[in-house]
Amino acid sequence: MTLEGLGDWVRSHCCGTLRREHAGQTLTLMGWVDGRRDHGGLVFVDLRDRTGVVQVVFDPARGPQAFRIAEMLRNESVVAVRGVLTERTPDTVNLNIATGEVELVAREARVLNRSRPLPFALDGAQEVAEATRLKYRYLDLRRPEVQRRFIFRHRLAKAVRDYLDSEGFIELETPFLTRSTPEGARDYLVPSRVNPGKFYALPQSPQLFKQLFMVSGFDRYFQIVRCFRDEDLRADRQPEFTQIDLEMSFARPEDVMRVTEGILRVACSLAGVEFPETVRRLTYDEAIARYGIDRPDLRFGLELSDVSAAVRTTEFKVFRAALDAGGMVKVLRLPQGERLSRRELDALPEVVAPFGAKGVAWVRVQSDGWQSPIAKFLSAPEKAAIEQACGAQIGDLLLFVADSPKVVNESLAHLRLHLAHQLELIPSNRWEFVWITDFPLVEWDDEEKRYVAVHHPFTSPREEDWDRLDADPAGVKALAYDIVLNGTELGGGSIRIHRPDIQEKVFRLLGIGEEEARQKFGFLLDALGYGAPPHGGIALGFDRLVMLLTGAQSLRDVIAFPKTQKAVCPLTDAPSEVDAKQLRELGIKLAT
RNA sequence: GGGGUGGUAGUUCAGCACGGUUAGAACGCCGGCCUGUCACGUCGGAGGUCGCGGGUUCAAGUCCCGUCCACCCCGCCA
């Protein structure tokens, strides 16, 4: 089969756009052979480009040259065809495709390129292993349903830019080769040839640079920007990912939240998803109290209740021990949950074991009292107080975990999700956005024996808490907020510290000494000293947003060339070893 | 680092519990026939390091041990 060049041929139309009103025109189409039906004396080819598929008829009587070409075509051959677009006769119309009322009768054809047999079919008839699809990602990306997601991603990025532009935001770029900073995720390091022994770090986020833009007076900054974190991967975590990053001056949390809601409203409208008039809000404390987690999935109920007070004086050893150790007892109430079988109940401890819970006590609330292994250990007033505390109704199942607050909340939060999945309580067409606010500024890290920032070290405490930083750090609330969708954290942000004295105070609280602060963040402290305005912002996970709105199961589905769980690119086999010469130039010697 | 699932033809899978002729199917691929198909039809054909290494056995795709890879989860991800 001889290949030909384009010559003077110019594509006149795209395949998927052709309709009855184009009939009669002479067209030049170019694309891939999506399928071929060879009847010997007549050949049909489905010609595909980004816009869709159209049927081309190769008939020796109407296009002898084209017919000879058609006999040699194979799937995914690249071909140019010239002919007359013709209305199909009523009995040959195909309503399954958008162009099914017409077909191109080929007069001339040119084979522009051939294709070896594909490693997997592109028709989606059978599910192909992801590893295979990623190795040949350029083929996987030919599939219309895969392209759909990336076209959506493009449209969303454009809509976000347009919206933020209309709100007065300026898109500014920040360096990828930057400084490694302490705290947070592991950095990807880039050695400097010009400065042997020194390294750049790829940014985990443009956090400090966007604050500097505020000091510069740009007032409102945004960027759709790649970020890098060298941590282990998950379905919703890739080592490089994209954020919608923004920062605004003279802003209160309200202002950042309003703009964020504007972005999400645009995104939802693009995806045909309903966006609420006002987004719900929960304080961090409330979220933990009711759901045990700071990113609750609000598509279903199953709330938690603290029953510690109801059993304050109990003799029941399991509860007693937890309370005496400064812990708590909480209940997950499963309405109509008594139908859970004994076997299903027996499986529950396994669900919470990874979170440290030693067990799950269960109670079936029945008209004649409690059916439960722990019923005999609790007094009637205690039972009544528990029912009161969690609003128990007859027919409910109550699930108890008693332990430290951390173990209780993590266990029950997980159990809540587990049961919702198992009992299919999660409506797939609900979109529950919620703001989580009033995060603590810091929390005690037992391993490091110091306070660590819950959000990051530049987050501002509430103004009314400025004086409590020394006396009661754990009680200080931050001006920080997370936006959560269906139990996934879409993004988070905060009002930043804009005064050097407060920033130094927070560094001290985090155990970052004066010298270390000077050395690592000197430029920030300097900048804050030159008239930094109050400012704050947020970063939204762009890939996660695309994933949720397109119904994709994994971030890999919305990233064109993603990494596997071992952070390998199956297409290029990166990361790879490098020449000894490259290492020598960099002054690097491998330890292994 | 830990727990779980999977790995057999180009692809998707069966075969494995209970070891035993030449490892099957569908789709795809190659060749023949076919002028209205659109999951075209039809006749024929090729195609396998059963992930890899070791062990048990007269005999291993099948049993045992190790290991690699992919995926899900925990740790980790301010």
Side-chain angles (χ1 to χ4, degrees), chain A residues 34-47 53-62 67 70 74-76 86 88-97 99-100 103 105 115-136 139 181-187 204-205 207 227-239 241 350-356 410 414 417-418 439-443 445 447-448 451-459 478 480 489 492-494 506 510 512 539 541 553-554 556 563-566 568 570 573:
Chain A
D34 198 53
R36 193 178 74 115
R37 293 172 294 281
D38 186 346
H39 290 239
L42 189 69
V43 176
F44 298 96
V45 163
D46 296 326
L47 191 66
V53 165
V54 70
Q55 173 163 281
V56 182
V57 186
F58 293 87
D59 180 347
R62 292 181 279 181
F67 181 78
R74 293 294 179 270
N75 278 342
E76 301 304 317
T86 309
R88 296 200 196 183
T89 60
D91 55 313
T92 60
V93 162
N94 181 0
L95 293 175
N96 296 322
I97 58 174
T99 60
E103 61 193 9
V105 178
S115 171
R116 297 153 65 196
L118 263 40
F120 54 90
L122 303 187
D123 58 16
Q126 50 190 192
E127 196 90 353
V128 179
E130 197 183 9
T132 311
R133 287 171 37 205
L134 291 182
K135 180 169 180 193
Y136 301 95
L139 296 178
T181 54
E183 309 267 316
R186 292 185 188 88
D187 289 320
Q204 298 174 26
S205 83
Q207 181 59 37
C227 300
F228 307 86
R229 292 179 190 175
D230 185 6
E231 295 294 346
D232 286 352
L233 284 70
R234 290 284 189 285
D236 61 353
R237 272 165 35 191
Q238 282 277 307
F241 59 99
E350 255 173 69
V351 176
V352 297
F355 303 91
E410 287 180 5
H414 187 76
L417 266 181
H418 175 84
F439 281 82
L441 184 71
V442 295
E443 65 186 355
D445 186 316
E447 267 178 35
E448 298 207 30
Y451 284 106
V452 295
V454 169
H455 188 53
H456 59 50
F458 320 106
T459 297
E489 184 193 324
S494 64
V506 170
L510 297 174
I512 301 174
Q553 297 300 306
S554 149
R556 293 183 300 275
K563 306 284 190 288
T564 67
Q565 197 162 51
K566 288 206 71 184
V568 166
D573 274 330

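Just so it is clear: chains get the letters A, B, ... in the order the sequence lines come, proteins before strands, and each one is counted from 1. Everything numeric here is computed off the predicted structure, so don't read it as measured data.
Within the 4.0 angstrom heavy-atom criterion, only backbone atoms of the sugar-phosphate kind lie near A:P119; the bases stay farther away. Counting any heavy atom pair closer than 4.0 Å across all strands shown, A:V454 reaches sugar-phosphate atoms only and no base atom. Among the atoms of the strands shown, base atoms are found under 4.0 Å from some heavy atom of A:R234. Across all strands shown, A:T92 has heavy atoms under 4.0 Å from base atoms, whether or not it also approaches the sugar-phosphate. Among the atoms of the strands shown, only primed sugar atoms or phosphate atoms (P, OP1, OP2) are found under 4.0 Å from some heavy atom of A:V128. The residue A:D91 sits apart from the nucleic acid: no heavy atom pair falls under 4.0 Å. Contacts of A:E350 with the nucleic acid, taken as non-hydrogen atoms under 4.0 Å apart, are absent. Heavy atoms of A:S494 sit nowhere under 4.0 angstrom from any nucleic acid atom. The residue A:A61 sits apart from the nucleic acid: no heavy atom pair falls under 4.0 Å.
Taking only side-chain nitrogens and oxygens, A:K566 never comes nearer than 4.0 Å to OP1 or OP2 of B:A70.
One N or O donor and one acceptor, one from the side chain of A:R62 and one from the base of B:G36, sit under 3.5 Å apart. With hydrogens and angles ignored, no donor-acceptor pair under 3.5 angstrom links the side chain of A:R74 to the base of B:C30. The base of B:C77 does not come close enough to the side chain of A:R229 for any donor and acceptor atom to sit less than 3.5 Å apart.
In this structure, B:A46 makes no Watson-Crick or G-U wobble pair, since no nucleotide meets both defining distances under 3.5 angstrom. Within the shown strands, nothing qualifies as a pairing partner of B:U37 under the Watson-Crick or G-U definition with both distances less than 3.5 Å.
Here A:D38 pairs with A:R36 in a salt bridge; the nearest charged N to carboxylate O distance falls below 4.0 Å. Looking at A:R37 and A:D46, a side-chain N of the basic residue comes within less than 4.0 Å of a carboxylate O on the acidic one, giving a salt bridge.
In this structure, of B:G36, B:C76, B:C72, it is B:C72 that holds the atom nearest to the side chain of A:A235.
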